[in-house]
Every structure is written in C-alpha cells, then in structure tokens.
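In what follows, chains carry the letters A, B, and so on, assigned in the order in which the sequence lines appear, proteins first and then strands, with residues in each chain numbered from 1. All values reported here derive from a predicted model rather than from experimental measurement.
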2 protein chains.
Amino acid sequence: MTEPKMPDAAATTEPAKKHSRSGKSHATIYDIAKVAGVNPSTVSRALSKPGRVSAKTQKLIEDAAAELNYQVNPFARALPTGRTNTFGLIVADITNPTFFDIIRGAETTATLRDYTLVLAESAESGVTELTAARRMMATVDGLILASPRMDDDDIRAIARDKPVVVINREVDGVPCVVPDVNKGISEAVRSLAANGHHKVAFVAGPPQSWMSARRWEGVQAACEWSRLEAVRLESAKPTVDGGRQVARDVRASGATAVLTYNDLLAIGLMQELQAAGMVVPDQISIVGFDDIFGADFTTPPLTTVRSPLGECGSGAATLLLDLLHDDLPRSAGEPAPTLRVETELVLRGSSGRLLPAG
Amino acid sequence: MTEPKMPDAAATTEPAKKHSRSGKSHATIYDIAKVAGVNPSTVSRALSKPGRVSAKTQKLIEDAAAELNYQVNPFARALPTGRTNTFGLIVADITNPTFFDIIRGAETTATLRDYTLVLAESAESGVTELTAARRMMATVDGLILASPRMDDDDIRAIARDKPVVVINREVDGVPCVVPDVNKGISEAVRSLAANGHHKVAFVAGPPQSWMSARRWEGVQAACEWSRLEAVRLESAKPTVDGGRQVARDVRASGATAVLTYNDLLAIGLMQELQAAGMVVPDQISIVGFDDIFGADFTTPPLTTVRSPLGECGSGAATLLLDLLHDDLPRSAGEPAPTLRVETELVLRGSSGRLLPAG
DNA sequence: CGGCATTTGTCAACCGGTTGCCAAAAATTG
DNA sequence: CAATTTTTGGCAACCGGTTGACAAATGCCG
C-alpha cells in the first residue's frame with residue numbers, strides 16, 4: 001500500500017528465482033552501517049537500545065534502515081540474547097471450543113505486545129503434553145499451559161527452565177490463572193433450589209482435571225448450603241459423545257437437575273435425554289460450565305456457569321509477558337502470582353422449574 | 001520418564017536461579033565434540049547429514065549427544081541455513097469455528113512432520129492480514145493462508161518470497177486447497193427441488209470472499225439446472241448476528257428455502273425466524289455451508305453442505321511441506337498444484353418438505 | 001607394493017546480530 | 001582554559017551451528 005515503489009527489474013529478467021535466500025535478500029545492519037557511515041554496532045544500539053546513541057546518529061540510522069527496508073533477523077538476534085519474542089500455548093484439545101476463546105485471548109495479547117504465538121496440542125495426554133512442552137522450550141521465551149494434564153512436578157520442572165503460566169489449574173509455585181468457581185456455582189445451585197429441585201447430579205470430567213475436582217467441590221459445598229442432595233457421576237470423555245453416554249446414569253440417579261463438568265457434556269446429555277422423550281427443563285434441568293461457543297444454539301439454549309475464557313487467555317499472556325519483562329518483581333519467598341477471574345451463571349432455557357409429573 | 005537420572009544438587013544449593021541462560025544451560029556440539037574426541041563440524045555432520053561420517057564415529061557422537069542430553073539450538077541452525085522448521089497459518093477470524101478444524105488439521109500435520117505451527121489472525125481485514133504475513137515471513141519457512149482477505153497481487157507478492165499455500169480460494173500461480181462446491185450444492189438444491197421448493201435465496205458472505213462468490217455461482221447454476229428461481233441477499237457480517245439481521249430480507253424475498261454462505265449465518269437466521277414464530281423446516285428450509293462444530297446443536301439440526309475443513313488444513317500443510325522439501329518438483333511453466341476436496345450434503349432437520357400454509 | 005579413487009575428518013569462514021571494554025569526543029566544571 | 005566527567009562510537013569477541021575446501025586416511029586395483 002504505502003510502501004515505496006522500487007524498481008522490479010529483477011522480476012522480469014530472472015526467470016524463476018525460487019525463494020532464493022541469496023540475491024538481494026534482506027538488508028542487514030552492516031548494510032545500514034555502510035549507508036549511514038557508522039559502525040554496525042552503533043546501528044545495533046540505535047535499533048535496540050533507545051537513548052544509547054545521539055539523536056543525530058539515531059536519525060541517520062533510522063533513515064538508512066527505512067530506505068533499505070530493513071527488518072531484524074530474529075534468529076540472529078535470538079542467538080546471542082536467547083530471547084525470541086515468542087511464547088507457546090499448549091492446549092489439551094484444539095477441537096474443544098473451550099480453548100478457542102483462550103487461544104484467541106492469548107493471540108490477541110501476543111500480537112498487541114509484539115509477540116508471536118506458537119500453538120501446540122496435547123491430545124488430552126500428559127506425556128504428549130510434556131513432549132510438546134519440551135519441544136517448544138527451545139524456541140519460546142515462555143509457555144502457557146491451558147488445562148494441563150501432566151502432573152505438578154513436571155510443570156514445575158518446566159517452570160524452572162522458562163517462565164510458565166498455567167490456566168485452569170493451580171500449581172504451587174507457578175503463576176496461574178483460574179476462574180473462581182464459587183460465585184457461578186452458588187448462583188446456579190441457588191437457582192435450582194429456588195425452582196424446587198432436591199437432588200442434583202454432577203457429571204465429572206477427566207480424573208486428572210484439576211478443574212473438574214474444583215467444580216465438584218463447589219457443587220458439593222453449594223448443595224450443602226442449600227440443603228440439596230448432590231451425587232457424582234463419571235463420564236468417559238468430556239465431549240458431546242461422553243455426554244450422550246452418561247445419560248443412562250443420569251436417569252438412573254433420580255436427580256432432577258444436572259450440572260456437568262463442561263458444556264460439551266451438557267449438550268450431549270441434553271440431546272440424548274431429549275431423544276428419549278424427556279422434556280428439558282420441565283422434567284430435568286441441565287446446567288453446563290464454560291459458556292462455550294454454541295452453548296446457545298441448543299433448544300432450549302443451555303444454562304451454564306460462564307468462565308471468562310478469553311479473559312483467561314489474555315490474562316495469562318499478560319502475566320507471562322510481564323514476567324518476561326520483569327515488570328512483576330518477585331522476591332524469593334513470595335508465592336507465585338495468581339490471577340483469579342469471576343464466574344457467573346448464565347441463565348438460559350435448559351434449567352428451570354420442575355413440572356409435576358403428569 | 002525414561003530420562004537418565006542426574007544429580008540435582010544445584011537445585012537445592014542455589015536459592016533462586018531465575019531461568020538463567022548461563023549455568024549448565026544446554027550442551028552444544030562443541031561439548032559433544034570434546035566428549036567424543038572429534039571436531040565440532042564432524043558432530044554437525046553426524047547429526048544432520050546422514051551417511052557423511054563413518055558408522056563408528058556416528059555412534060560415538062550419538063552416544064555423547066545422548067549422554068549430554070543434547071538438543072540443537074534452532075536459532076543457531078536457522079541463522080546460516082535460513083530454515084526454521086516452522087510454518088505460519090493465518091486465519092481470518094480465530095473465533096470462527098470454520099477455522100478450528102483447519103487449524104487442527106494443520107497443527108496435526110505439522111507436529112507429525114516435526115514442524116511447528118505459528119498462528120495469526122487477520123480479524124477479517126486485508127491489511128491486518130498483510131501485516132501479519134509480513135511479520136511472519138521472517139520466522140517461518142512457509143505460510144498457509146486460510147480464506148485470505150487480501151488481494152491476489154499481495155498474495156503473489158508474498159508467495160514470491162516464501163512458499164505459500166492458500167485455502168478456500170484460488171489464486172493464479174499459487175498452490176491452493178479448495179473445496180469443490182458443485183457436488184454438495186447440487187445435492188442440496190436437488191433435495192430442495194424434490195421437496196417442492198421453487199424459490200431459493202442465497203445469503204452471501206463478505207464481498208472479498210472468493211468462496212462466497214463460488215458458492216453463489218454454484219447455487220445459481222444448480223438452481224438453473226433444477227429450474228428453481230434463485231435470489232441473492234447480502235449479509236453484513238458472516239456471523240450468527242449477521243444471520244439474525246438478514247432474517248427480514250429473507251422473509252421479504254418470498255423464498256421458501258435459504259442457503260447461506262456459512263453455518264454461522266444459517267444458525268442466526270434460523271434463530272431469528274423461529275423467534276418470529278416460523279417453523280423450520282415446515283415453513284422454510286435452511287441450508288448452511290461448512291458443517292462447523294455446533295451445526296448439529298440446533299433444533300432442528302442444521303442441514304449443511306460440508307467442506308472437509310480438517311482435510312483442507314492437513315492437505316494444505318502437507319502440500320506446503322512437500323513444497324519445502326522439494327518433493328514436488330515443479331518445472332517453470334507448470335501451473336501451481338491445486339488440491340480439490342469434495343463437498344457433500346449433510347441432510348439434517350432444517351431442510352425438508354414445505355407444508356401448505358394452513 | 002606403488003598409484004589412484006574414495007572416504008572421512010579438520011580448518012576456517014560465515015550467518016547477523018549483541019555487548020563488554022575502551023578511547024575519542026563532547027559537555028561540564030572550577 | 002585546563003581538568004574532569006559524561007556521551008558516544010568503534011573494536012572485537014561471541015552466540016551455536018553449517019559448509020566449502022582441503023588434506024589425511026583408507027580401500028582397491030593391477
């Protein structure tokens with residue numbers, strides 16, 4: 001658009017220069033130094049150490065750089081400094097929409113602060129995750145682990161090498177971003193109690209999921225407070241399919257309201273129950289977690305305890321970047337900073353008053 | 001897991017070594033050379049040029065490397081070679097589930113072939129996209145553009161610097177992966193015709209979208225073939241919200257069946273029409289495109305023309321990687337390779353026979 | 001066993017920046 | 001205006017690999 005037009009004679013004369021690395025390639029600080037009539041190291045300083053060179057030389061160099069359309073070579077810079085302006089994000093499952101918003105939040109923040117986001121997936125496996133993390137270590141300045149499946153010790157081991165921020169889990173000694181489930185859950189349970197429910201089931205997520213444990217605890221506590229009975233059911237996978245499979249158990253449990261570990265389970269469960277002729281919410285109330293994309297596509301739309309996923313992603317990225325830039329001075333004894341974000345009930349149509357059986 | 005246990009005395013004695021780059025840091029080829037008693041360049045060859053050194057030395061070096069837990073420094077390697085084992089993927093909108101599957105497909109293939117995926121978003125803007133692409137250029141070996149919004153010339157300009165593969169669009173001279181809309185569309189239109197529809201509306205996507213143009217062409221052609229009347233409506237944004245907004249126009253058009261540029265539009269449209277009391281599919285049939293995550297969450301579940309998005313992502317990655325490795329020898333005159341994938345109708349509940357108004 | 005073709009390993013230059021150290025230049029001070 | 005402090009720019013080493021050129025070592029042959 002606004003780039004200076006340059007003679008493109010080369011394009012017409014040469015037949016098929018295939019992505020050649022040679023040729024006019026890219027300008028280096030040496031080229032700039034030559035044009036500006038200074039030493040390469042001065043160029044380096046002018047470009048990365050603000051204030052280290054005089055305003056006059058600075059301008060000289062900047063002009064030369066602009067003229068030559070200079071761009072630093074990230075590798076050449078990374079080699080001596082070790083910094084790459086890149087951080088990694090590892091998610092448990094790319095197809096799980098829970099992570100979409102996290103990815104987006106992290107990506108946005110990264111771009112904003114001139115960082116690049118590298119993405120990897122662990123396929124819900126602790127060992128794959130560890131492998132991915134190790135692979136990344138070499139190329140990134142820091143790492144964000146979203147709902148990690150590896151154990152605390154592995155995480156801490158990684159955190160010893162490079163700054164790490166964990167999302168959706170608390171790991172001692174590692175900065176974390178966690179939604180505080182209590183507010184959202186108590187809102188949800190109170191709403192159920194007010195609608196005449198007495199027994200609620202919680203469909204749990206993966207056993208290694210820290211978040212699943214927290215949610216179950218929250219549900220138990222809130223039910224106790226509201227004097228409701230709470231039962232726990234297990235799911236095979238935290239997916240739509242897993243939700244369908246658990247429908248049997250839900251019906252057998254006799255609960256009139258169900259909270260599921262996540263929205264995917266809730267959606268699958270609702271589909272299966274409806275297919276079996278049950279009316280939601282007249283005969284059973286369903287409440288999910290996360291408020292993922294698509295949670296309001298269902299009929300009735302899904303009531304859910306929203307986690308501000310995008311906020312988690314951007315919060316984690318901000319935390320990590322601050323850590324990297326030492327904007328967050330940490331003394332030795334101080335515990336790792338933890339960012340807590342609020343959850344809230346999003347009341348839609350899948351929960352409500354129980355109709356007397358007729 | 002299977003790593004050799006090593007004394008971790010350092011961990012206990014030193015108080016808070018903060019991610020120090022120094023210290024034991026990482027082994028280099030020089031360390032290996034010392035241990036193995038050979039020259040560093042021999043180590044380099046042993047590790048990257050198979051067959052260049054004798055089996056004996058090879059083993060010697062490999063053992064030393066294993067002992068020292070050596071990992072190449074990607075930057076040191078990238079500096080002289082220019083290769084980074086990394087490629088970029090730029091999508092128009094990270095929150096759009098269309099791209100989820102593409103991202104996943106690309107990520108999977110990347111990991112499989114020992115590449116790293118770098119992700120960026122263009123926020124549906126051609127200039128942001130160009131900026132992101134330029135930013136990436138320096139750090140990646142190649143680029144995948146999913147549903148790019150910039151113009152052909154910009155894309156070709158980028159493709160001149162680094163290998164580029166485009167998804168969901170055809171650009172002359174650039175390798176592309178495009179779903180062939182015809183099969184899916186003709187199936188859809190035939191199904192509509194068979195169900196007694198006479199007038200179908202097509203809700204278009206963004207004006208710059210190549211895919212939207214192709215789909216409209218496909219719909220026109222198929223309608224002509226089936227002797228249906230086709231009208232085109234415009235949408236403000238290719239989102240759920242955009243779908244809601246276009247509901248007015250749809251009703252005003254008098255069409256009894258609607259195809260929308262994508263599933264998001266279809267879902268929004270269906271929500272709005274249902275909210276206004278219309279029954280889908282009895283009074284109006286709705287057909288989307290892509291078969292995104294959540295398309296079957298709606299009631300009735302959405303009929304849609306499926307694009308194999310994951311296949312597009314992995315196909316593009318494979319194509320790119322083959323290009324990078326010169327596995328696809330291209331002579332000068334030969335056109336850029338294009339991968340066409342099939343689309344098909346996924347018949348669900350949102351389309352069907354028109355009931356006589358009663 | 002000498003002569004020649006092949007392997008195999010070494011040397012040294014290079015990729016493109018960064019940075020500690022030092023001296024020249026400029027600014028400040030008495 | 002000389003003495004001293006502060007800026008500013010240059011030199012050179014370094015980050016950790018890769019690679020072309022070349023020589024030493026080895027294998028093969030007659």
Hey, what do you get for NE2 (A:His26) to CG (B:Asp161), rounding to the nearest 0.5 Å?
->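 The distance works out to 5.5 Å.
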If you round to the nearest 0.5 Å, how far is CD1 of B:Ile167 from SG of B:Cys176?
->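 Taking SG in B:Cys176 and CD1 in B:Ile167, the distance rounds to 10.0 Å.
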Just checking, is any N or O donor in the side chain of B:Arg52 or B:Thr42 under 3.5 Å from an acceptor N or O on the other one?
->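 No, no side-chain donor-acceptor contact under 3.5 Å.
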Indicate yes or no: at least one non-hydrogen side-chain atom of B:Val43 is less than 4.5 angstrom from one of B:Tyr70.
->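 Sidechains of B:Tyr70 and B:Val43: no contact.
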Charged N-O contact under 4.0 Å between B:Arg149 and B:Asp93 |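 No, this pair does not count.
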Canonical and wobble pairing (Watson-Crick, G-U, under 3.5 Å) of DNA chain C, dot-bracket with | = ||||||||||||||||||||||||||||||
[options]: which one has an atom nearest the side-chain heavy atoms of [X]?
{"X": "A:Thr81", "options": "C:dG16, D:dG17, C:dT18", "result": "C:dT18"}
{"X": "A:Ser54", "options": "D:dT19, D:dG9, C:dG9", "result": "D:dG9"}
{"X": "B:Arg77", "options": "C:dC15, D:dT18, C:dT18", "result": "D:dT18"}

Under 4.0 Å between a side-chain N or O of A:Lys49 and OP1 or OP2 of C:dT19?
->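 So the side-chain polar atoms of A:Lys49 do come within 4.0 Å of the phosphate oxygens OP1 or OP2 of C:dT19, strictly under.
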C:dT18 OP1/OP2 closer than 4.0 Å to side-chain N/O of A:Ser48 |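 Affirmative; the distance criterion is met.
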For DNA chain C, what residues of residues 37-44 of chain B have any heavy atom nearer than 4.0 Å?
->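 By residue number: B:Val38, B:Asn39, B:Ser41, B:Thr42.
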May I ask you to list the residues of residues 55-63 of chain A, by number, that have any heavy atom positioned under 4.0 Å from an atom of DNA chain C?
->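 By residue number: none to list.
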Donor-acceptor pair under 3.5 Å: do we get one between A:Arg45's side chain and the base of D:dG10?
->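 Answer yes: a donor N or O sits under 3.5 Å from an acceptor.
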Could you tell me whether B:Tyr30 contacts a base, only the sugar-phosphate backbone, or nothing, with contacts defined as non-hydrogen atoms closer than 4.0 Å?
->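 It contacts base atoms.
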Run the side-chain donor-acceptor check on residues 55-65 of chain A: report pairs under 3.5 Å with partners two or more places apart or on a different chain.
{"residue": "A:Thr57", "atom": "OG1", "partner": "A:Ser54", "partner atom": "OG", "Å": "2.4"}
{"residue": "A:Gln58", "atom": "NE2", "partner": "A:Ala46", "partner atom": "O", "Å": "3.0"}
{"residue": "A:Gln58", "atom": "NE2", "partner": "A:Glu62", "partner atom": "OE2", "Å": "2.9"}
{"residue": "A:Lys59", "atom": "NZ", "partner": "A:Asp63", "partner atom": "OD1", "Å": "3.1"}
{"residue": "A:Lys59", "atom": "NZ", "partner": "A:Asp63", "partner atom": "OD2", "Å": "2.7"}

Exam field: side chain [X] to backbone [Y], donor-acceptor pair closer than 3.5 Å:
{"X": "B:Glu124", "Y": "B:Ala92", "answer": "no"}
{"X": "B:Thr84", "Y": "B:Thr139", "answer": "yes"}
{"X": "A:Lys162", "Y": "A:Asp141", "answer": "no"}

Check against salt bridge (charged side-chain N to carboxylate O under 4.0 Å, His left out), A:Asp153 and A:Arg156 = CA-CA 5 Å; A:Asp153 286 337; A:Arg156 273 189 291 262; 3.0 Å; yes
Which pairs of donor and acceptor atoms, one on a side chain in residues 102-110 of chain B, lie under 3.5 Å apart (sequence neighbours left out)?
{"residue": "B:Arg104", "atom": "NH1", "partner": "A:Glu121", "partner atom": "OE2", "Å": "2.8"}
{"residue": "B:Glu107", "atom": "OE2", "partner": "B:Thr111", "partner atom": "OG1", "Å": "3.2"}
{"residue": "B:Thr108", "atom": "OG1", "partner": "B:Arg104", "partner atom": "O", "Å": "2.7"}
{"residue": "B:Thr109", "atom": "OG1", "partner": "B:Gly105", "partner atom": "O", "Å": "3.0"}

B:Ile32 CD1 to C:dT10 P, straight-line distance once rounded to whole Å =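 About 14 Å, once rounded to whole Å.
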Which nucleotides of nucleotides 22-27 of chain D have their base under 4.0 Å from a protein heavy atom (B), which only their sugar-phosphate (S), and which neither (-), written as one string 5' to 3'?
-> ------
